[in-house]
Amino acid sequence: MTADDVILQVRGLTAGYGAAPVLQEVDLTVRAGTIAAVLGANGAGKTTLLRTLSGLVRPSGGEIVYGGQPLRDVPVEQLVRRGMAHVPEGRGVVAELTVDENLRLGGLWRRDREDAGKALAEVYELFEPLAQRRRSAGHQLSGGERQMLALGRALVARPKLLLLDEPSLGLAPRVIAQIMALLRHLRDSTGLTVLLVEQNVRSALSVADEAVVMSLGRIVTATSADRLRDDEELRHAYLGF
Amino acid sequence: MSEQTVSPAAAAPAPRRAGLLPGLFGRSTLLRHLILAVLAGVLLFLLTQQLDPFRNFQLATVAAYLCATAGLTLLVGMNGQLSLGHGALMAVGAYTVALAQNALAERGITGNQVLPLSLALGVLVTMVAGAVIGLAAARLRGPYLAGVTLAVAVAVPAATVTFDETFNSEQGLSVAVEPPPLSLGLYFPNERWQAWVALTGALLTMLLLANLVRSRVGRNLRAVRDDEVAARLAGIHVGRTQVLAFVVSAASAGLGGGLMALLAQSVSPGAFSLTLSLFLLMAVVIGGLGSLSGAVWGALLLVALPDLTHDSAQWVSLSPAVAQRLEGNLPLAVFGLTLIVVMIAAPGGVQGLLRRIGARVRRRAPAR
Amino acid sequence: MDRFVFLTFDGLSKGAVLAAFALALVLIWRAARIVNFAQGAMAVAAAYAGYSVTTATGSYWLGFGAALVGGLLIGMVVERAVMRFVDHSSPLSEVIVALGLVLVMQAVLGMVYGNEFLPAGTPFSRNALSVGEVPLLSRYDLFVFGAVLLVLLGLALLFTRTSVGLRMRASAFAPEVSRLLGVNVGGMLTLGWALASAVGALAAMLVIPTELGLHPHAMDLVFVSAFTAAVVGGLDSPPGAVVGGLTVGLILSYVSGYLGSDVTPMAVLVLLLAVLLVRPGGLFSSTVARQA
Ligand SMILES: Nc1ncnc2c1ncn2[C@@H]1O[C@H](COP(=O)(O)OP(=O)(O)OP(=O)(O)O)[C@@H](O)[C@H]1O
Ligand SMILES: [Mg+2]
């Protein structure tokens, strides 16, 4: 593993809400062009980790190096310009805006209007159902459509690193499989890096290259996804099945 | 209010106060408040003997304001309802007292019973007005309530023009007030008498409100303020509690307004404009919404600040026109600025600051 | 009958101004969930700026432009320097700080310009043009309608057709998500305040010449009426604000025409209470919770 392979390097990250820290001394290395799964029980701090990475939660200690540069005091709204896209827990579809507006919102920051338009068209191609519902308001969409919209909106930005918080939540197994397949496809075709937070361990491990398990705000194990999938003892110890 | 503004500590009896009075009285809140009121009364009585007429008049004005600010503190601080219309409620009290005084004087009724009678009438009428607003207020929250009370503050002065036969429009009414009782002596200074009357009203108000705040009703008020749903689940009738708070608060404002009418011996809509309502709110916020003591600071401020700006304006020599502009407006600017700064930087107000300083001093004391 | 027709047109003209002012309230409410109680004072301050420019240059239109630009700047400064720092956990603090602003601005205006009514001119005659025998509208009324209509159209286009409008709406509805998508939410908030304040300034410029003139308190009653209009419309809905403004304008015109102008403040109070107690949702919004 060479240094320029690494797109995200987290060292000793500590963060929380108010006085009590949620994340404690988190170390994490993500290589470019891989899918890394972040697993762990409810309340383990997975969402907090993603929120800290994208600047929504201020770290109280430690360091985040993204694309070779430390992210300190970089405003949240700047990160997407550096290629980091975050699909938040609960998807963050703006209910009052239409599908089209939600998608366009993802690319408004881009100077290259032409390519932004192209990216938008690609997303519509990728997600057929969205193309048919361009004028529907966000709150009229089904859970699956919302997830497509949230993902699509992130892709309009043509990100290098995608932070995904529980994309499978509330979706049918078939849709989950489609999303996972899409992630694999994007990784292979565009070299996208994904940090995938999931409760649905099987689905996540089916696409992930690496996996970390969090518990009580710490990373308790970091290994290859294959190993976690195949090593029953390890799985049992950290994931309970 | 935010949590800092009205810390639970505000409700607890100040330890200093408990220490001042022997344990015998410590148990009964009523008795303790009563003794405090009497003590304050004696001290103020002695004070009025020392002050010159002008200062006595100012003291009386503080007392009149205190009635209104204490009522407003109860409403905003303890119950979380915002009123921008307390100046209008003061106007209701003031006009009632004015009309009552004049009617009684016309009928040749004089004597010691006149003042209490007309003041009681003023309080009563304001209570009715407060109940009407309170009934509406109980169904409204936040900015909606603020908007309605703002409309009240604008409408009441205008009503004096509409019903000018009774209220005599912008000119207002002069108020027939008897001189101090002869039993006090022929040359008894009127201002000292005014101070006595106003201070009696203010002390009574503070006594009643302090007891109310410490009673079950007071706990209900705070419970509704902190969390309506929780209060409802605890069996508190939220609407009734809010109306009650408004009525009590209005009664205090009415008394304050009535006293103002007696002090100024006249009433006019200009004296009870929207600005007065905003001043009252500002006074209680700056004084500190956490406890009734904040209302005292607020009332003092209402009288002292215009005085201070007046004095300081005279230091720099200005043309009369400019000086006049400054004199009317400088206190407003200072008040407004203080209000913003306090809300942003020190939501506990003066009383909150004092309590924090006091707590720090006490914490250090044993170390020495 | 003639009087009724006259009062109707007068009410519509007043209503157009109230609609603009109510719209300014709605803009800030949607952007920040704040009822801007300082809006009247802010608008008056901008109008005074316009007055100064008009006095200095002799041109109404330069003053008019100055008032609008002044409105923009005042809104920006108020948001950046004050409102941004207010604790948003309680609606009380926002209202109280706004009132503090009212006191400061009115006091400063009083110090600079004095507390007398200053004459405010109009660019067009206020004499009603008659159709047949019936006096209907003045040229100034037409100017008012035109100006308000232009602003309404402009805002509608801005919010529905431009990317800035999309950003502003997104920031208001979902600030955090918008930030993740690269929207400068703080900037959008400032822009929202600036726009609202400029619309308020326009309303002030239009209404002040039809009342007693320029005065630090000139917009107090207008504010209360416009707040009522916004509440009638549901506080969340720009079209509601427009209809609410016209409705309130008409009612107030009839009240002051038939009962006397000193009755209007009470009529506003009664109207506001009636709407809040009878149709607490406003007439145009289905979901707004009055217990904000
Ligand atoms: N806004 C917040 N304020 C205070 N504490 C919070 C906040 N959000 C999360 N927490 C706390 O931080 C801890 C970690 O929460 P987090 O949302 O990161 O967990 P998670 O791993 O994403 O859980 P889940 O799988 O349920 O989404 C929890 O104990 C939670 O209670
Ligand atoms: Mg989570």
Side-chain angles (χ1 to χ4, degrees), chain B residues 1-5 76 80 82 84 133 135-136 139-144 146-148 150-162 164 169 228 273-275 278-279 281-282 285 289 321-322 324-326 328-345 347, chain C residues 29 33-35 37 82 85-87 89-115 216-217 220-221 223-225 227-228 230-231 235 259-273 276-277 280 289-292:
Chain B
M1 269 308 79
S2 66
E3 278 312 304
Q4 294 145 285
T5 330
V76 183
L82 193 57
L84 313 185
I133 305 174
L135 280 172
R139 299 179 56 177
L140 303 173
R141 297 295 174 272
Y144 295 96
V148 168
L150 180 69
V152 170
V154 174
V156 166
T160 60
V161 180
T162 312
D164 56 349
S169 269
E228 273 185 37
S273 63
L274 174 60
T275 308
L278 298 190
F279 266 26
L281 184 68
M282 168 234 71
V285 170
L289 287 166
V322 176
Q324 197 199 345
R325 278 183 190 178
L326 278 188
N329 289 308
L330 204 55
L332 259 81
V334 175
F335 276 155
L337 215 55
T338 321
L339 186 61
I340 296 170
V341 171
V342 166
M343 271 324 279
I344 290 175
Chain C
W29 174 258
R33 295 284 134 183
I34 291 175
V35 173
F37 277 81
V82 181
F85 302 102
V86 179
D87 168 22
S89 60
S90 151
L92 250 59
S93 17
E94 290 151 357
V95 175
I96 291 173
V97 168
L99 294 172
L101 277 173
V102 172
L103 285 176
V104 172
M105 285 199 272
Q106 289 181 341
V108 170
L109 291 176
M111 282 189 245
V112 177
Y113 294 95
N115 285 67
H217 289 272
D220 285 2
L221 184 58
F223 175 84
V224 180
S225 312
F227 176 74
T228 308
V231 168
L235 206 48
L259 300 177
S261 64
D262 46 279
V263 188
T264 29
M266 267 172 291
V268 174
L269 174 60
V270 171
L271 195 62
L272 180 58
L273 272 178
L276 281 175
L277 296 182
R290 245 12 111 99
Q291 315 215 332

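Each chain gets a letter, A, B and so on, in the order its sequence line appears, and its residues count up from 1.
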The criterion is ring-ring contact (aromatic ring centres under 6.0 Å, His included); which residues satisfy it with C:Phe85, sequence neighbours excluded?
none

Pairs of heavy atoms under 4.5 Å with chain C: top-ranked of [options]:
options	result
B:Thr338, B:Val156, B:Val334, B:Val161	B:Val161
B:Thr162, B:Ile340, B:Asn329	B:Asn329
B:Val148, B:Val342, B:Leu84	B:Val148
B:Pro331, B:Ala136, B:Ala155	B:Ala155

Does any heavy atom of chain B fall under 4.5 Å from the side chain of [X], the backbone, both, or neither of them?
X	result
C:Val270	neither
C:Leu272	side chain
C:Tyr113	backbone
C:Ile34	neither

First locate atom [atom1] of [X], then atom [atom2] of [Y], and finally report the distance between them rounded to the nearest 0.5 Å.
X	Y	atom1	atom2	result
C:Asn115	B:Leu332	CG	CG	8.5 Å
B:Phe279	C:Leu103	CZ	CG	6.0 Å
B:Leu135	C:Leu273	CG	CG	10.5 Å
C:Leu276	C:Thr228	CG	OG1	8.0 Å
C:Phe227	C:Leu235	CZ	CG	6.5 Å

Quick check: closest heavy atoms across C:Leu259 and C:Val263, and the distance to 0.1 Å?
O-CG2, 3.5 Å

When only pairs under 4.5 Å are counted, which of C:Gly114, C:Ala98, C:Ala267 shares the most heavy-atom pairs with chain B?
C:Gly114

Pick one of side chain, backbone, both or neither for [X], based on which atoms fall under 4.5 Å of a heavy atom in chain C.
X	value
B:Leu339	side chain
B:Val285	side chain
B:Leu281	side chain

Between B:Leu274 and B:Leu150, is any pair of side-chain heavy atoms under 4.5 Å apart?
yes

